[in-house]
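These numbers come from the heavy atoms of this one structure, side chains and all, not from hydrogens, waters or symmetry mates.
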Amino acid sequence: MTDAAFTAEQPRPAEPASLDDVPGWFWDHDRHSFEWFLGRQEKAGVTGDLLEMGAYLGRSAIVIGEHLQPGESFTVCDLFDSDAPDDENAAEMNMSYRKTLSRTAFESNYLSFHGELPEIIQAPTSTLAGGRIAAGAFRFIHIDASHLYEHVVGDLQVARVALQDQGVVVLDDYRSQHTPGVAAATWEAVFNHGLKPVLLTECKFYGTWGDPESFQRDLLDRVDLAEGCELSAETLNGRQMLRMTGTSEGIEPFRPSRHHKRLVALNARHQADQAADDSRRALLESQEEAARDLAARRARAAEQRRPVNVAKRAARDLLPPVVTSAIRRARRG
C-alpha cells in the first residue's frame, strides 16, 4: 500500500508499536487460546486454510496470520466501510463501530506486523455461502461479524461446510447481554447441529464438529498452557466442556510491530525533549523568583533610605528609651 491510498478525508491511521496499540476487544486469554489451538494443529502436522468473518481493525487477524503456513491461505471477510445488506445490520454497525472501522485502517495495522495482506473479501459474510470458499479446506475459523441471530446461523453453516473434520470454529460474544442472537445461534448449533464445545472463555466459544476430546486432553494436561490459565470441567448434555479463567501470568506478549524500534526511539526523544523543557521551565521560574525577591529587597532598602525613615531610626537609636517612649505616647494621644 502506498501513501496515495490515504486521502485528506481518511487520514493515515496511527502506526501501532505493539498489538495492544491496535483497537479491538481481544483479551490475553483468547489470544493465548488462538495460539494454542493453531499451534497444536501445526505441531500435529495439520494443514489447512484460515478464515476470519468480521475483523474490525485487525487485532485478532494479526494473531491468526502469524500461524499461516506455507501453502495455506488466510481469508478475511468484513464489510469494513461498505454499506450493510439490511437495515438491522446497518443499525448494528452504526451503534457499534461505523465511525472507526475502515479497510484502510485494517490494512495499515495488519501490514505493521506482516509482509503481505490476507485475501480480503469486502462484503457481507453471507457471500461466503454457496461455494465461494472451498468445502473442507479450513482448519481454523473465527466468527466475529454480525451479532444478529439470522446472520450468525448463516456464518455457522458456512463454517460447518468449510471446516475439516478436526477443524476449530471460534465464536465471539456467545454470552454477552447485548448479543443474545449469538448465544441463540451458538447453542442451537450445539444441541441441534452437532457442534461440540471444547473450551469456553469469558468472551469466546471454541468448538469442533470433530472430536473435542483430543483437544481437551492436552488442555487438561496443560500442554503448552500458560501458568495463570485455570481450567474447570463441566458436563453438558452428556459431553464435557472446559472453562478457562485465571490471570495472564505466563502468557507471552505478542511480538512487536515493525514500527516498534522507531516508535520507541521517537518516544524516548520526546521524553528527553520534555524533560529538557521542564528543566528550562524550572530554571526560568527560579530565575524569575530570584529577580522578584531581589526587587523586593531593593524596594525595602530604598524605603529604609527615605529621609523621614532615616530620622525615625536615628531618633530611636540615639534618644534615651524614656524619651522615645514619651514621644510615641504623645503621637498616639
Side-chain angles (χ1 to χ4, degrees), residues 26-52 60 63-72 74 135-144 155-156 159-175 182-183 185-254:
F26 189 51
W27 315 122
D28 283 346
H29 276 168
D30 285 306
R31 178 174 61 80
H32 182 49
S33 297
F34 272 47
E35 297 194 296
W36 189 92
F37 279 98
L38 288 161
R40 182 186 183 279
Q41 290 174 331
E42 291 148 24
K43 287 181 180 179
V46 175
T47 60
D49 295 334
L50 312 173
L51 171 63
E52 181 164 69
S60 56
V63 174
I64 296 172
E66 188 76 359
H67 292 268
L68 187 63
Q69 301 178 106
E72 297 179 338
F74 177 27
F138 293 79
R139 63 182 173 101
F140 188 92
I141 295 177
H142 179 214
I143 299 176
D144 188 14
D155 292 345
L156 278 164
R160 185 176 186 180
V161 173
L163 277 174
Q164 302 172 357
D165 289 342
Q166 283 298 106
V168 174
V169 63
V170 185
L171 288 122
D172 184 65
D173 274 335
Y174 75 100
R175 59 181 292 272
V182 182
T186 301
W187 296 113
E188 180 181 71
V190 169
F191 289 114
N192 297 335
H193 303 297
L195 179 61
K196 304 174 186 69
V198 177
L199 175 70
L200 307 178
T201 65
E202 183 177 356
C203 298
K204 296 186 188 289
F205 171 106
Y206 298 75
T208 182
W209 277 278
D211 177 17
E213 293 182 7
S214 59
F215 295 108
Q216 291 175 341
R217 281 196 300 270
D218 282 354
L219 283 166
L220 290 171
D221 288 342
R222 303 195 65 82
V223 177
D224 298 325
L225 198 64
E227 183 178 348
C229 295
E230 299 175 3
L231 295 175
S232 58
E234 186 169 320
T235 300
L236 178 67
N237 199 30
R239 287 193 176 276
Q240 177 179 256
M241 64 180 183
L242 303 180
R243 291 180 295 183
M244 180 186 289
T245 56
T247 69
S248 298
E249 184 179 0
I251 298 178
E252 295 293 329
F254 193 75

message = Would you say that M244 contacts L199 through its side chain, given a criterion of any heavy-atom pair below 4.5 Å between the two side chains?
response = yes
Scanning both residues in full, the closest heavy-atom pair of A233 with L242 reads CB-CD2, 3.7 Å
(message) Other residues, nucleotides and ligands only: do more than 12 of their heavy atoms fall within 6.0 Å of CD on E42?
(response) yes
Scanning both residues in full, the closest heavy-atom pair of G207 with L195 reads C-CD1, 4.0 Å
Output for pair (I64 CD1, L38 CG), nearest 0.5 Å, gives 7.0 Å
* To do: Show your working on side-chain contact (heavy atoms from CB on, under 4.5 Å) between W27 and E202 and close with a plain yes or no.
  => CA-CA 9 Å; W27 315 122; E202 183 177 356; 5.9 Å; no
Worksheet item: Is there a donor-acceptor contact under 3.5 Å linking the side chains of T47 and E72?
Response: no
Could you check whether F140 and F37 have their ring centres less than 6.0 Å apart? no
In this structure, OG of S248 is separated from NE2 of H32 (nearest 0.5 Å) by 10.0 Å
Problem - Side-chain donor or acceptor of W209 paired with backbone N/O of V168 under 3.5 Å - result: no
So CG of D30 and CD of E35: to nearest 0.5 Å the spacing works out to 11.5 Å
TODO: Please step through side-chain contact (heavy atoms from CB on, under 4.5 Å) for the pair L68 and D49, ending with a clear verdict.
DONE: CA-CA 8 Å; L68 187 63; D49 295 334; over 6 Å; no
- request: Determine yes or no for a side-chain-to-main-chain donor-acceptor pair under 3.5 angstrom, with T208 supplying the side chain and G167 the backbone.
  value: yes
Looking at G250, is its backbone amide N or carbonyl O close enough to the side chain of E227 to form a donor-acceptor pair, meaning the two atoms are under 3.5 Å apart?
no
Paired with V46, the side chain to side chain contact (heavy atoms under 4.5 Å, CB included) test is passed by just one of Q69, Q164, Q166, R40, namely Q164
Taking every heavy atom of A226 against every heavy atom of E249, the minimum-distance pair comes out as CB-O, 3.8 Å
For this session: Report, as yes or no, whether the 6.0 Å neighbourhood of atom CZ on R239 holds more than 12 heavy atoms from other residues, nucleotides or ligands.
Result: no
**Request:** Measure the shortest side-chain to side-chain distance between V198 and M241 over non-hydrogen atoms and say whether it is less than 4.5 angstrom.
**Result:** no
Under the side-chain contact (heavy atoms from CB on, under 4.5 Å) criterion, do K43 and D224 qualify, and how do the steps go?
-> CA-CA 11 Å; K43 287 181 180 179; D224 298 325; 2.5 Å; yes
Rounding to 0.5 Å, atoms CG (L156) and CD1 (I143) come to a distance of 4.5 Å
Open item on the list: Would you say the ring centers of Y206 and W36 fall short of 6.0 Å from each other?
Closed with: no
Open item on the list: Checking the side chain of R160 only, and the main-chain atoms of H193 only, is there a donor and an acceptor separated by less than 3.5 Å?
Closed with: yes
Worksheet item: Can you find a side-chain donor-acceptor pair between H29 and K204 that sits under 3.5 Å?
Response: no
Is the side chain of D211 donor-acceptor paired with the backbone N or O of E213 at a distance under 3.5 Å, no angle test? yes
Closest non-hydrogen contact found for D172 with D144 is OD2-OD1, 3.0 Å
Q. Are H142 and L50 close enough that some pair of their side-chain heavy atoms sits under 4.5 Å apart?
A. no
*Return yes when atom CG of D165 has more than 12 non-hydrogen atoms of other residues, nucleotides or ligands closer than 6.0 Å, and no otherwise.*
no
Output for pair (R243 CZ, T245 OG1), nearest 0.5 Å, gives 8.0 Å
Smallest heavy-atom separation, P197 atom then W187 atom, equals CG-CZ3, 4.4 Å
- Take E66 and F254 through the test side-chain contact (heavy atoms from CB on, under 4.5 Å) and record every step on the way to the result. CA-CA 10 Å; E66 188 76 359; F254 193 75; 3.9 Å; yes
| query | Should F215 and L220 count as side-chain neighbours, where that means a heavy-atom distance under 4.5 Å? | reply | no
Rounding to 0.5 Å, atoms CD (Q216) and NZ (K196) come to a distance of 11.5 Å
Closest heavy-atom pair, T186 versus Y174, reported as atoms and distance to 0.1 Å, is OG1-CB, 4.1 Å
Would you say the side-chain atoms of R139 pair up with the backbone N or O of Q41, donor to acceptor, closer than 3.5 Å?
no
Any side-chain heavy-atom pair of L163 and I141 under 4.5 Å:
yes
